[in-house]
Engineer: 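The following block contains the structure, expressed as structure tokens.
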Amino acid sequence: MVQEKKLVQDVSGWLRVYDDGSVDRTWTGPPEVKFMAEPVSPHEQFIDGIATRDVTIDQKSGLRARIYLPEEENPKFPIILHFHGGGFCISQADWFMYYQFYTRLAKSIPAIVVSVYLRPAPENKLPAACDDGYAALLWLKSLSKGESNEPWLNTHGDFNRVFLIGDSSGGNIVHEVATRSGFIDLNPLRLAGAIPIHPGFVRAQRSKSELEQPESPFLTLDMVDKFLALALPNGCTKDHPITCPMGSFAPPIETLSLPPLMYCVAEKDMIKDTEMEYYEILKKANKDVELFISTEIGHSFYLNKIAIDTDPVTAAQTGELIEGIKVFINKH
């Protein structure tokens, strides 16, 4: 008789873990939002001014990335290396929610966006996703040195203007990759800036905003607690350096060599208090950081296509965020 596997963890409709270690990421929440988590196939022909392709960064590990190329006539575009969110446990670089935002961003700046397919937890616990992000940066360095070749990037990319960007847990990866890059020589590549957007910086102890701010489909207390418990190394709490870079287990911020930062926070983000704690430590350490606050809005709002199309506040704040990123990149 086949023994039926038992559910051991269910996280806010996004993910289920079973006692045999298998993971099911089928969306079980409201069906009307399912399209945002559907994959979008790459298209090397230009559609609305953007072409996309998937490339393998590392043949050995199979690490891949999606590239967004603008159609505009430009000798060289800045390169934005993107790390997706999802609490280190869900989402992929080809999901519609990322496609709709990063096609728009790539076209608006214009810039080439390289979005990494990060290995998910719990099958790949941290620091796996951070290792993938760092490997992607080293791949860009190898392209800049002519040691390897990717036609779109080698023909159209400006390796003197490489930026890191990441949403939610991807913002944690931005910090981690930026930190690691400070210990190596990236020449001839130049890391010109980093843009953590609503990073998943938390502490083991609940913050005031976690208790007071409203939950959203993109962030619930259930997701914060369960995703991070699944992603962090066994025996670790949310005070781990990857989830709490402002904590006592992390290297002091003042000792780190970080690029200029555009640090993005949403006024109604549930984890706003700990996000702001990181910002205050950056300022105290005299780091080059610009704070960008989106008002009247919650965590990762700009990925929610339904809200962008139906809510004027979300639409306006998304436009302002894109404009803010454009100004920051053009400045550096």
Side-chain angles (χ1 to χ4, degrees), residues 7-25 61 63 82-93 116-137 164 166-181 194 196-207 209-211 215-216 218-253 256 269-278 281 299-300:
L7 181 69
V8 294
Q9 196 72 275
D10 187 345
V11 191
S12 294
W14 287 105
L15 171 145
R16 285 146 304 286
V17 182
Y18 294 91
D19 59 355
D20 63 353
S22 61
V23 180
D24 177 11
R25 292 181 173 84
S61 69
L63 181 63
H82 170 243
F83 311 127
H84 64 72
F88 306 107
C89 292
I90 58 163
S91 84
Q92 284 211 143
V116 187
Y117 286 87
L118 304 165
R119 284 174 292 165
E123 303 95 323
N124 307 280
K125 286 188 174 285
L126 290 170
C130 299
D131 293 343
D132 291 346
Y134 185 57
L137 181 64
L164 307 177
D167 44 90
S168 196
S169 57
N172 302 55
I173 300 171
V174 167
H175 170 81
E176 184 68 18
V177 173
T179 296
R180 293 189 196 184
S181 72
I197 308 179
H198 314 163
F201 296 151
V202 290
R203 286 185 176 274
Q205 188 176 354
R206 286 248 190 272
S207 65
S209 61
E210 279 179 282
L211 297 169
E215 297 185 327
S216 76
F218 289 124
L219 195 68
T220 63
L221 287 176
D222 189 51
M223 289 163 73
V224 171
D225 293 346
K226 291 179 180 175
F227 278 162
L228 298 185
L230 290 168
L232 287 165
N234 292 333
C236 293
T237 71
K238 286 182 281 188
D239 290 328
H240 187 281
I242 293 174
T243 44
C244 189
M246 60 285 186
S248 56
F249 295 112
I253 297 283
L256 305 179
D269 197 329
M270 213 172 62
I271 54 174
K272 181 182 72 173
D273 287 357
T274 35
E275 289 173 341
M276 287 303 295
E277 186 187 348
Y278 173 84
I281 288 174
H299 191 80
S300 295

Engineer: I want to check something: taking the side chain as every heavy atom from C-beta on, are Met246 and Met276 in contact at a cut-off of under 4.5 Å?
Structural biologist: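 Counting from C-beta outward, Met246 and Met276 never come under 4.5 Å.
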Engineer: Test your reading of the model: is there a side-chain donor-acceptor pair from Asp239 to the backbone of Ala204, 3.5 Å cut-off?
Structural biologist: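 Such a contact is found between Asp239 side chain and Ala204 backbone.
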Engineer: For Ser216, which residues count as a side-chain hydrogen bond (donor to acceptor under 3.5 Å, both in side chains) partner, sequence neighbours excluded?
Structural biologist: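 Residues passing side-chain hydrogen bond (donor to acceptor under 3.5 Å, both in side chains) with Ser216: none at all.
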Engineer: Report yes if the side chains of Asn124 and Phe88 come closer than 4.5 Å at any heavy-atom pair, otherwise no.
Structural biologist: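 They are not in contact (no side-chain heavy atoms under 4.5 Å apart), so the answer is no.
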Engineer: Determine the minimum heavy-atom distance between Met270 and Ser209, stating which atoms define it.
Structural biologist: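 Met270 and Ser209 have their closest heavy atoms at O-OG, 2.8 Å.
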Engineer: With heavy-atom distances below 4.5 Å as the criterion, would you say the side chains of Ile173 and His84 are in contact?
Structural biologist: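 Of all side-chain heavy-atom pairs linking His84 with Ile173, none is under 4.5 Å.
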Engineer: Under 4.5 Å between any side-chain heavy atoms of Arg16 and Val23, yes or no?
Structural biologist: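 With C-beta onward as the side chain, the pair stays apart.
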Engineer: Once you round to the nearest 0.5 Å, how far does CG of Leu230 lie from CD of Glu123?
Structural biologist: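 Those atoms lie 9.5 Å apart.
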Engineer: For residues Pro199 and Glu275, determine if any side-chain heavy atom of one lies less than 4.5 Å from a side-chain heavy atom of the other.
Structural biologist: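 Answer yes - side chains close enough.
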Engineer: For the CG atom of Leu219 and the OG atom of Ser168, what is their distance to the nearest 0.5 Å?
Structural biologist: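 The CG atom of Leu219 sits 6.0 Å away from the OG atom of Ser168.
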Engineer: What distance do Ser169 atom OG and Ile90 atom CD1 have between them, rounded to the nearest 0.5 Å?
Structural biologist: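 Going from OG on Ser169 over to CD1 on Ile90, the span is 8.5 Å.
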Engineer: Give me the atom names and distance for the closest heavy-atom approach of Phe201 to Gly171.
Structural biologist: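 The pair with the smallest heavy-atom distance is CZ-O, 4.2 Å.
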Engineer: Roughly how far, to the nearest 0.5 Å, is CD of Gln205 from OG1 of Thr237?
Structural biologist: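 Taking OG1 in Thr237 and CD in Gln205, the distance rounds to 11.5 Å.
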Engineer: Grab the two heavy atoms, one from Cys130 and one from Val177, that are nearest each other, plus how far apart they are.
Structural biologist: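 Nearest heavy atoms, Cys130 then Val177: O-CG2, 4.0 Å.
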Engineer: Closest heavy-atom contact between Pro245 and Ile242?
Structural biologist: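 Looking at all heavy atoms of both residues, the closest pair is CD-O, 4.2 Å.
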Engineer: Measure the shortest side-chain to side-chain distance between Leu137 and Ser181 over non-hydrogen atoms and say whether it is less than 4.5 angstrom.
Structural biologist: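 Touching, per the 4.5 Å side-chain cut-off.
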Engineer: Will you find, in the side chains of Ser300 and Asp167, an N or O donor that is under 3.5 Å from an N or O acceptor?
Structural biologist: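 Not at all, the side chains of Ser300 and Asp167 share no donor-acceptor pair under 3.5 Å.
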Engineer: Mind checking the NE2-CG spacing from His240 to Leu232? Nearest 0.5 Å is all I need.
Structural biologist: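 If I round to the nearest 0.5 Å, the distance is 6.0 Å.
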Engineer: Can any side-chain N or O of Thr243 pair as donor or acceptor with the backbone N or O of Lys238 at less than 3.5 Å?
Structural biologist: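 Such a contact is found between Thr243 side chain and Lys238 backbone.
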Engineer: Are any non-hydrogen side-chain atoms of Asn172 and Leu126 less than 4.5 angstrom apart?
Structural biologist: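 In short, these two side chains do not touch, never coming nearer than 4.5 Å.
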Engineer: Between Ser207 and Thr274, is any side-chain donor less than 3.5 angstrom from a side-chain acceptor?
Structural biologist: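 Thr274 and Ser207 do not have a side-chain donor-acceptor pair below 3.5 Å.
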Engineer: Quick check: closest heavy atoms across Gln92 and Tyr117, and the distance to 0.1 Å?
Structural biologist: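 Here Gln92 and Tyr117 meet closest at NE2-CE2, 4.1 Å.
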Engineer: With distance as the sole test, does Arg119 use its side chain to make a donor-acceptor pair with the main-chain N or O of Leu63 at under 3.5 Å?
Structural biologist: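 No: the side chain of Arg119 does not pair with the backbone of Leu63.
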Engineer: Taking C-beta and beyond as the side chain, do Asp222 and Glu215 meet within less than 4.5 Å on heavy atoms?
Structural biologist: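 Asp222 does not reach Glu215 side chain to side chain.
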Engineer: Is any side-chain N of the basic residue among Asp225 and Arg206 closer than 4.0 Å to the acidic one's carboxylate O?
Structural biologist: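 Arg206 and Asp225: salt-bridged.
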Engineer: Got more than 12 heavy atoms from elsewhere within 6.0 Å of CZ, Phe249?
Structural biologist: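 Check fails, neighbour count at 12 or below.
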Engineer: For the residue pair His299 and His198, does the interplanar ring angle fall in the parallel (under 30°), tilted (30 to 60°) or perpendicular (over 60°) class?
Structural biologist: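 The arrangement is tilted - the two ring planes meet at 30° to 60°.
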Engineer: Indicate the atoms forming the closest heavy-atom contact of Cys89 with Pro120, along with that distance.
Structural biologist: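 Scanning both residues completely, I find the closest heavy atoms to be O-CB, 3.7 Å.
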Engineer: Counting only N and O atoms by type, is there a donor-acceptor contact under 3.5 Å from the side chain of Lys226 to the main-chain atoms of Asp10?
Structural biologist: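 Yes; at least one donor-acceptor contact below 3.5 Å.
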Engineer: Spell out, as yes or no, whether a donor-acceptor pair under 3.5 Å connects the side chain of Glu210 to the backbone of Leu221.
Structural biologist: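 Looks like no, no N/O pair under 3.5 Å.
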Engineer: What class does the angle between the rings of His175 and Tyr278 fall in, given that below 30° is parallel, 30 to 60° is tilted and above 60° is perpendicular?
Structural biologist: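 Geometry flag for Tyr278 against His175: perpendicular rings.
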